[in-house]
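Written out below as structure tokens is the structure these notes cover.
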Amino acid sequence: MESVNNPSFHEIFKPENEIPQEYKVPEIHQREYLLNGELVVWSGEVQEIYSPVCIPTENGLQRKLLGSVPNIGPKEAMEVLDACVKAYDNGLGEWPTMSVEGRIKCMQKFVYLMIKERDVIIRLLMWEIGKTLADSTKEFDRTVDYINQTIDALKDLDRESSRFQQAEGTIAQIRRAPLGVVLSMGPFNYPLNEIFTTLIPALIMGNTILFKLPKHGVLAHYPLLKAFKEAFPKGTVNTLYGKGSEIITPIMESGKVNVLAFIGSSKVANGLKKLHPKVNRLRAILSLDAKNAAIVTKNANLDVAVSECILGSLSFNGQRCTALKLIFVQKEVAEEFTQKLTAAVSAMKPGLPWEKDVKITPLPEVNKPPYLKECLEDAKAKGATVLNENGGFTEESFFFPAVVYPVNSDMKLYHEEQFGPVIPVVPFEDIEEPIEYQVNADHGMQVSIFSEDPLEVSKLIDPFVNLVSRVNINCQAQRGPDVFPFTGRKDSAEGTLSVFDALRSFSIRSLVAAKVTESNKDLLNTIVRDHDSNFLSTDYIF
Ligand code: G3H
């Protein structure tokens, strides 16, 4: 059923002169990287950056060239690491010893400068990763909100720590202190938001940052380099561009990274951790593999289930770690559910990211369409069908969503994280079947349960809360609201992120303690009164 009846399928990619002026971006040939507070000019090898948006040419469809970025080598990468290590200076540097109020002021300056770049960053997100205008705008605004919420959460944390505690004849002030050099690496699907949900809390807690830019979404950070340079003391944030295997390996092997903040595959994360010579000195905050399931029982409101499964499996073309990547549906309602689901998929408008009401857009990863095709072929060979018209239609970087049914455990789509616009649907008889899937899965992030029956829902909640980290009732899986904990079990995550939890994840408690004696009381009071210490202080940040 891969015929192409819809004329719009042949018109997804437009000649350049038909692209509205307000969404165009000039080519950016970035030659600078941020090293020790300087935008150092690079004259070596570069990496060209291409858009998933193709332009029709005499030679067929071609991905549009967006620009290029430095491809720095291991020698320069080690210089970047050294700048970061020096700025931290074993915790004695300007940034780690700065008062919380001082760090907040720097962050406020950064967010002020960042907002000035809003328009160009949103346009770059659309061009670089094919995210729709609405979602690119949301990603930017959500990130700004996240930074502001982080500032507020740190103020709260600081207020709670701005007092002495007394126990068993000991008086102490307990605060959270930084950990050291943080290597921050993130994914292409939320190149701004997901990276900043680790980088910003790590930074504001007083750590220094080695920021390895993602492969897709790299240019979207270009307008922010100056903001980092201007807002923070030199060496606090340093950037790395290039091949991970060449530049990250020596950095990890140096043993100088204290925290690995990584969003990507568990395989890569494990490889990176193993490179560190003293694993006990490395804290890892990881967001990894996931294949969140939806379970639609015979007691579900099918309209709700369909609209949430569409959102869950196809928002940003299914390229979300939280996406619903496998749908279990009880046999009694499987036919009705799949009919409604395929109708909803057919109604989705394909097109370019800036087009009105567009929902399905081109994919940035060059190898993704052939991989998805391979998954469909595998499923078909083992008895499944693509239910929707045009499902799996491919043209260069564009792939129209495919609803695949009936999927079973012999198929790739049952086990592999497709991270793209394919919806595998598994019919089940007994509710134990989806539970069994989760028990045997290597990941454990979230699940979505669709049912209106309170008893049935409770019987699913209890096993699933111990198998995954979030059970969604009658709604898609998702990360937000950002104040809620975001984590996973098994190979899905290490550490917990939320606005507040991230501040904890990137810091350690440190305390100043003394016996309660008259002379110690005098001593501590004098330090506090004279504001001689940034740590030992009862100042209250408003
Ligand atoms: O890719 C993983 C993102 O953190 C998911 O966030 O659920 O808000 O789309 P989201």
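Whatever order the structure lists ligands and atoms in, that order sets their numbers, starting from 1.
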Q: Could you give me the CA-CA distance, side-chain angles and deciding distance for Y414 and Y437, then say whether ring-ring contact (aromatic ring centres under 6.0 Å, His included) is met?
A: CA-CA 9 Å; Y414 189 92; Y437 158 79; 5.4 Å; yes

Q: Please report the shortest heavy-atom distance between V345 and F400, naming the atom on each side.
A: O-CZ, 3.6 Å

Could you list the donor-acceptor pairs under 3.5 angstrom formed between side-chain atoms of residues 259-270 and any protein atom two or more places apart in sequence or on another chain?
from, atom 1, to, atom 2, distance (Å)
S265, OG, V268, N, 3.2
S266, OG, D289, OD2, 2.6
N270, ND2, S266, O, 3.2

Q | Residues which pass side-chain hydrogen bond (donor to acceptor under 3.5 Å, both in side chains) with E374, listed by chain and number, not counting sequence neighbours | A | K412

Q) For F188, is the NZ or CZ atom of K131 found under 6.0 angstrom from the centre of its six-membered ring and inside 45 degrees of the ring axis? A) no

Q. Looking at residues at least two apart in the chain, or sitting in another chain, which of them share a side-chain hydrogen bond (donor to acceptor under 3.5 Å, both in side chains) with R320?
A. T322, Q476

Q) Who are the residue neighbours of ligand 1 when the rule is a heavy atom under 4.0 Å from any of its atoms? A) R142, N189, Y190, E194, R320, C321, T322, Q478, R479

